[in-house]
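All residue numbers in this chain count up from 1 along the given sequence. Bear in mind the structure is a predicted one, so any value in this text is a computation, not a measurement.
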Amino acid sequence: MLKEEWKAIFKNKFFIVIMLALAIIPALYNWIFLGAMWNPYGKVNQLPVAIVNQDKSAKLNGGTLNLGSQMASQMKSSKDLDYHFVSETEAEKGLNDGKYYMIVTFPEDLSTQASSLMTNHPEKVNIDYQTSQGHNYISSKMSNTAADNLKSKVSESITRNYTQAIFANLSQLKSGMSQAAKGSQQLALGTNSALTGSQQLTNGINLFSDKLSSVKQLTSATQDLSSGLSTLTEKTDLTESQKTQLLQLESGLNQLNDGIQSGSAQIDQVATQLLTLIDSAQGIMDQVKTQVDNVKNTAAFQSLTPAQQQQILAAIQKVESSPQLAQIQALIAQSKNKINDALLQSQKLSNASNLLLPTASTTLDSLSTGMSSVHDALSQQITPGSQKIASGMNQLDIGLTDGTQQLANGSVQLTSGITSLNQGANQLANSLNFAEQKLAGTPTDANNASSIASPLQLNHKDADNVANNGVAMAPYMISVALFVGAMSVNLMIGKSLSGRKWKNGRELLLAKLGTNGVLAIAQSLVVVGAVYLLGLRANFGWKMIFSTVLISLAFMAIVTFFNLWLDKVGAFLMLVFMIVQLAASAGTYPIQLSEKVYQVINPLIPMTYTIKLLREVISLSGNMMPYSFILIGIIILFSILIILVGRREARTI
């Protein structure tokens, strides 16, 4: 029967044309379909997109930010899409007419919103984009992907500007931190000096306190002077009886003259002692003033703050300007004058005694008068003055003691405060030095800002051979084309070209192998050639040829069986079966994304395994074994079924 089938073909040239047409139908199907979708993602830069830039510049960190212009410049240089920079009106018209597939609008406040990130009231940055799914759904999805890329680029640009502004502030902070660190070191050194000066001040105050013992001595001496003057006053007070006795002494002038000379010498001695004491008091007071001046000139006093110096000077001036001290000085001067007067009177008395012995009566009267004058001077001026001196010196002693105690207490507090300040200054210096070192080790140039703005670099690795969308779709479309080819062959050839009936199932199988099988092999080889012309290069070329032949034979066996068994009903069932396989074979999307019913059908249809087999030999590792066995099993199974159909029909003849 096989021989008669081919004789019929060669006898009728129209059959030859049909056979050739049937051989190239799958290739044409594959060529047209795959060619139209071979590499659409590689031509995304030809997808027209309208850009409407309405952005106005804004201030950022002392400079100007114009984010819209920046992004427009990047778009012009990148050419990710076919960007057209147009007005809003033109963009909307182009989208409605299908001229543009997306409109991207940079609003007026784009840069203002971006610059607000550096303020206390940050705002979200908004960019509007509009697509038209009605004109082309896939283009809208591509536009959405492009919008996501645009979002990433705008975010990167904003982050870069923001980071550069922060780094600029960090650079200023580094400079200021360096100056602060140096200043804190100077402060620490200054507090060390102040601490040393405070300790010197304390030592000076203690020394001044020791010098107060001289004031105590002066106070004691003035008290003794007052007591002596009181005694002298009492001694110079002549009673009436004593005056009478003076009159009685006129007869013993020589004895009186000797007594007067002796008394004059004693008065000279006492007056000299008093003058010496008064001079000592004045010297002590001058010495106290000198010691006070010495304290003022110490380095410790000079290292104090003006407020602290003023406090100490106020305490000293309080003592120096006290009314008691002024009274003491005045009384010292008066006492010195009175004593000098008394000394002069005594000398005059002595001289008069020697000169006026002949006039003893007059001399005695003068003596009585002089003694009265001395008594009056002592009782009315010198003695009260000495008492005031003693009282003033006592107050001076108390005042100086209280002042020096306050100075000592203040000095201790000052030393304690400066010690705490010195510790704090040293801690501050150490902290600022540490912070300066950390900041100095932080790079803040533009390259670092760019790296932080875009810190992640994705390194994509895919060893599979899928150069473009056409290569990815080839396993699916080859399978569909070969199934369409099998349906076409059975539609055109039918059961027999020669019209002769087969004797048994074996003869029918050989006849179909000789016609349908040969056409299946021819179709597979032409399909392989077609996809190679499109640019497909399989990882395993010979395995691909073998796999395609195997797939074509399996599909031809299935379709041939149903056409032989059920005739036109079988052809219709194969059409439905092809539609089911198109939906459930996972040729385009992963089966996990399909409905549950398709996931159940997927492992039950042959196209699932033909697609996996072709993916293995075209793009993957070339593992043919599990899928080849399934297809070989299908060929054997449906060959047996064809034999059974042939036997059944042979019996009916």
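At a cut-off of 3.5 Å, with distance as the only test, no side-chain donor of Thr112 or Asp109 sits close to an acceptor on the other residue. Checked by atom type, the side-chain pair Thr608/Asn602 shows a donor-acceptor distance below 3.5 Å. No side-chain donor-acceptor contact under 3.5 Å links Gln599 and Gln592. Residues Ser621 and Glu616 have side chains that bring a donor and an acceptor to within less than 3.5 angstrom of each other.
The main-chain N or O of Tyr627 is never found under 3.5 Å from a side-chain atom of Lys612 such that the two would form a donor-acceptor pair. A donor-acceptor pair under 3.5 Å links the side-chain atoms of Asn53 to the main chain of Asp55, judged by distance alone. At distances below 3.5 Å, not a single donor-acceptor pair connects side-chain atoms of Asn465 with backbone N or O atoms of Ser619. Counting only distance, with no hydrogens or angles, the side chain of Gln46 and the backbone of Asp82 share no donor-acceptor pair below 3.5 Å. No side-chain donor-acceptor contact under 3.5 Å links Ser552 to the backbone of Val549. Side chain of Asn490 to backbone of Asn563: no donor-acceptor contact under 3.5 angstrom is found. Distance alone, capped at 3.5 Å, places no donor-acceptor pair between the Gln54 side chain and the Pro107 backbone. Of the possible donor and acceptor atoms, none in the side chain of Ser69 sits under 3.5 Å from a partner among the backbone N and O of Asn66. In this structure, the side chain of Asp464 does not engage the main chain of Val466 through any donor-acceptor pair within 3.5 Å. Tyr609 places a side-chain N or O within donor-acceptor distance of the main-chain N or O of Pro603, the cut-off being under 3.5 Å.
In this structure, Lys76 forms a cation-pi arrangement with Phe85, its terminal cationic atom sitting closer than 6.0 Å to the ring centre and no more than 45° off the ring axis.
Residues Val645 and Phe561 are in side-chain contact: their nearest non-hydrogen atoms beyond the backbone lie under 4.5 Å apart. When side chains are defined from C-beta on, Leu536 counts as touching Met544, because their heavy atoms get closer than 4.5 Å. Counting heavy atoms from C-beta outward, Ile545 and Val617 have side chains that stay 4.5 Å or more apart. Contact annotation: the side chain of Met578 approaches that of Met487 to within less than 4.5 Å [non-hydrogen atoms, C-beta and beyond]. Phe483 places a side-chain heavy atom less than 4.5 Å from the side chain of Met574. Two residues are said to be in side-chain contact when any heavy atoms from C-beta on lie closer than 4.5 Å; Tyr83 and Val104 fail this criterion. Leu573 is not listed as a side-chain neighbour of Phe577, based on a closest heavy-atom distance of 4.5 Å or more. The side-chain heavy atoms of Thr548 and Leu614, taken from C-beta on, include a pair separated by under 4.5 Å.
Between Arg615 and Ala586, the shortest heavy-atom contact is NH2-O, 3.3 Å. Of all the heavy atoms in Met102 and Leu81, the pair that sits closest is CE-CD1, 4.2 Å. Closest non-hydrogen pair, Ile127 versus Thr105, comes out as CG2-O, 3.6 Å. Contact between Arg506 and Ile643 at its shortest, heavy atoms only, is N-CG2, 4.2 Å. The heavy-atom pair separating Gly517 from Leu553 by the smallest distance is O-CD2, 3.8 Å. Between Val528 and Val531, the shortest heavy-atom distance links the atoms O-CG2, 3.1 Å.
Here the OH-OG distance, from Tyr589 to Ser594, works out to 10.0 Å after rounding to the nearest 0.5 Å. Between the NZ atom of Lys93 and the OG atom of Ser87 there is a distance of 11.0 Å, given to the nearest 0.5 Å. One distance of note links NZ of Lys512 with CG of Leu519; it measures 10.0 Å at 0.5 Å rounding. Taking CD1 of Ile558 as the reference point, atom CD1 of Ile635 lies at 9.0 Å (rounded to 0.5 Å). Taking CG of Leu631 as the start and CG of Leu550 as the end, the distance is 5.0 Å to the nearest 0.5 Å. If you take CD1 on Ile611 and CE on Met473, they are separated by 9.0 Å, rounding to the nearest 0.5 Å.
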*asked:* One pair to check against side-chain contact (heavy atoms from CB on, under 4.5 Å): Gln523 and Ile24. What are the steps and the verdict?
replied: CA-CA 6 Å; Gln523 286 177 340; Ile24 65 173; over 6 Å; no
*Start with the C-alpha gap between Leu644 and Leu641, add the side-chain angles, then the distance that decides, and say whether side-chain contact (heavy atoms from CB on, under 4.5 Å) holds.*
CA-CA 5 Å; Leu644 293 176; Leu641 291 175; 4.2 Å; yes
_Test side-chain contact (heavy atoms from CB on, under 4.5 Å) applied to Ile605 and Ser585, step by step_ = CA-CA 7 Å; Ile605 55 178; Ser585 61; 4.1 Å; yes
*Would you please test Met624 and Ser547 for side-chain contact (heavy atoms from CB on, under 4.5 Å) and show each step?*
CA-CA 8 Å; Met624 299 173 56; Ser547 299; 3.3 Å; yes
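Residue Tyr532 places its OH atom among more than 12 non-hydrogen atoms of other residues, nucleotides or ligands, all under 6.0 Å distant.
Here Phe572 pairs with Val576 under the side chain to side chain contact (heavy atoms under 4.5 Å, CB included) rule; sequence neighbours left out.
The side-chain contact (heavy atoms from CB on, under 4.5 Å) with Ser57 is formed by just one residue from the set Leu110, Thr64, Leu65; it is Thr64.
Using cut-offs of 30° and 60° for the angle between ring planes, the Tyr100 and His84 rings count as tilted.
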